[in-house]
There are 2 protein chains.
Amino acid sequence: MGISERKEREKTEMRDLIRAAALKMFLEDGYAKTSIRKIADAIEYSPGTIYLYYKDKDELLYEVQGLAYGKLLEAFRTKANDKDPLKRLIQMGKTYVKFGLENPELYDLMFIIRAPNNVDETSHKDNGDHTYNYLTDTLEECINKKLLRITDLQLGALQVWSMCHGLVSLNLRCRLKVMALGEEEINAALSHAIENYIASVTL
Amino acid sequence: MGISERKEREKTEMRDLIRAAALKMFLEDGYAKTSIRKIADAIEYSPGTIYLYYKDKDELLYEVQGLAYGKLLEAFRTKANDKDPLKRLIQMGKTYVKFGLENPELYDLMFIIRAPNNVDETSHKDNGDHTYNYLTDTLEECINKKLLRITDLQLGALQVWSMCHGLVSLNLRCRLKVMALGEEEINAALSHAIENYIASVTL
DNA sequence: CAAATATACTGAATGGTGTTCAGTAAATGA
DNA sequence: TCATTTACTGAACACCATTCAGTATATTTG
């Protein structure tokens with residue numbers, strides 16, 4: 001029976017269509033401002049149809065998060081691949097911050113938005129894990145080669161990630177206003193902060 | 001004329017009433033889930049009345065942020081006041097993280113929610129500034145006494161704050177799931193991370 | 001004191017949101 | 001050919017922030 005296979009194909013194609021439209025609109029206008037109605041309009045279907053393919057808006061967010069984690073991983077692979085793990089670590093930090101500042105809406109949905117807690121995890125989790133592992137692998141190499149003041153892998157990863165996320169998210173949410181810096185100065189400060197931090201944990 | 005003074009008083013009393021109800025409900029249910037209608041219900045006025053005292057929901061958020069910054073400052077003053085600036089810095093870090101984890105909805109509205117950009121700043125800003133200055137003052141003392149690997153005050157403040165905010169916000173948003181730790185372990189990890197970080201920048 | 005004005009408040013209405021579901025029309029299977 | 005399954009629709013539901021004509025009370029003026 002080729003029919004059921006075709007139906008299967010059409011089903012995943014429809015899911016892809018919805019996901020793609022959602023990604024585009026989430027990127028442009030953000031998750032909150034993108035309504036199911038608008039997505040439905042964009043793909044020329046009725047709002048109800050989307051619910052035949054996705055349980056709710058959260059599940060759609062979850063899928064797009066998977067794509068976004070993949071994009072970040074790709075950025076790491078192309079821009080943070082120095083042989084020297086320490087240099088790679090610095091490249092990673094800068095790539096991460098740059099990624100966040102250049103894709104604010106995407107970063108938002110990846111790490112700032114309240115995560116849906118009603119969705120089963122599949123490929124989404126994989127992409128997230130792979131990206132996180134890219135960090136732990138690099139960090140492990142640094143630790144093994146005794147390049148860092150850091151000795152605990154998990155604790156180190158938590159620190160590096162938190163520092164980078166803190167820099168990006170405080171800036172995206174305009175909470176660095178208290179520092180009374182111009183936009184240029186802020187970007188420079190973020191860059192300096194990440195360099196300076198890695199330097200301070202380097203032996 | 002005592003009348004206009006009484007009217008003035010009544011006006012600020014009404015603002016206080018609304019602000020207090022909003023604070024309570026924001027704390028319990030979060031900003032997003034607290035509707036103007038619910039606040040109006042709680043104080044037994046109609047929704048329209050709230051708009052006679054606050055321009056919009058954002059302005060209400062802005063006011064409550066002021067209160068929240070004040071609460072954090074109070075926590076610093078009572079729990080992070082060691083004479084030794086280095087010890088004080090560590091106390092501050094721990095106090096900050098504890099504050100965030102114990103008041104998730106408050107922390108949310110202080111540092112994670114999209115800031116309103118349509119509001120004039122007054123006492124809100126003051127509270128935020130004072131809290132930030134508590135950090136820079138402590139850090140400045142550490143730098144002056146040459147206790148830290150940090151030399152630039154602003155850069156140092158940015159780093160310390162970002163690290164703490166990163167730890168809290170990643171955890172509040174359940175993004176530390178990738179680390180596959182239990183709740184107990186996570187809390188310990190956050191505590192360790194902050195200690196370990198300060199230690200690594202200590203001379 | 002009475003009339004005019006200013007103030008405080010209401011609640012229905014507007015235009016949005018996510019989500020559901022009875023109904024329809026087309027494709028498939030018997 | 002007819003019954004059934006499948007895909008889709010769009011109106012309806014219960015919310016949301018915000019506005020504004022209308023009302024009722026309080027104050028000021030003549």
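We name chains A, B, ... by the order of the sequence lines, and we start the count at 1 in each one. Side chains are part of it too, since the values below use all heavy atoms of this structure and drop only hydrogens, waters and symmetry mates.
Each end of the helix from C:dC1-D:dG30 to C:dA30-D:dT1 gets its own axis from five base pairs, and the two axes differ in direction by 20°, given to 10 degrees.
Annotation: proximity of residues 41-59 of chain B to DNA chain C (heavy atom, distance under 4.0 Å) is found for B:Tyr45, B:Ser46, B:Gly48, B:Thr49, B:Leu52, B:Tyr53, numbered in ascending order. The stretch residues 18-38 of chain A comes close to DNA chain C through A:Thr34, A:Ser35, A:Ile36, A:Arg37, A:Lys38, each having a heavy atom under 4.0 Å from the strand.
In this structure B:Asp16 satisfies the side chain to side chain donor-acceptor pair (under 3.5 Å) test together with B:Arg19, sequence neighbours excluded. Listed by chain and number, the residues in a side-chain contact (heavy atoms from CB on, under 4.5 Å) with A:Ala68 are A:Leu106, A:Leu109, A:Met110 (sequence neighbours excluded). Residues meeting the side chain to side chain donor-acceptor pair (under 3.5 Å) test with A:Asp152, sequence neighbours left out: none. Evaluation of the salt bridge (charged side-chain N to carboxylate O under 4.0 Å, His left out) rule for B:Lys38 yields no partner, not counting sequence neighbours. Judged as a ring pair (Phe, Tyr, Trp, His ring centres under 6.0 Å), and not counting sequence neighbours, the contacts of A:Tyr107 are A:Tyr96, A:Phe111, A:His165. With sequence neighbours left out, B:Phe99 forms a ring pair (Phe, Tyr, Trp, His ring centres under 6.0 Å) with no residue at all. With sequence neighbours left out, B:Ser200 forms a side-chain contact (heavy atoms from CB on, under 4.5 Å) with A:Arg149, A:Val201, B:Tyr197.
Each ring pair (Phe, Tyr, Trp, His ring centres under 6.0 Å) pair with one or both residues in residues 167-187 of chain A, not counting sequence neighbours, would appear here, but there are none. The ring pair (Phe, Tyr, Trp, His ring centres under 6.0 Å) analysis of residues 4-52 of chain B, with sequence neighbours excluded, yields the pairs B:Phe26-B:Tyr31.
For B:Lys11 and C:dA8, the shortest distance from a side-chain N or O to OP1 or OP2 is below 4.0 Å.
With hydrogens and angles ignored, the 3.5 Å screen pairs no side-chain donor or acceptor of A:Arg88 with any backbone N or O of A:Asn81.
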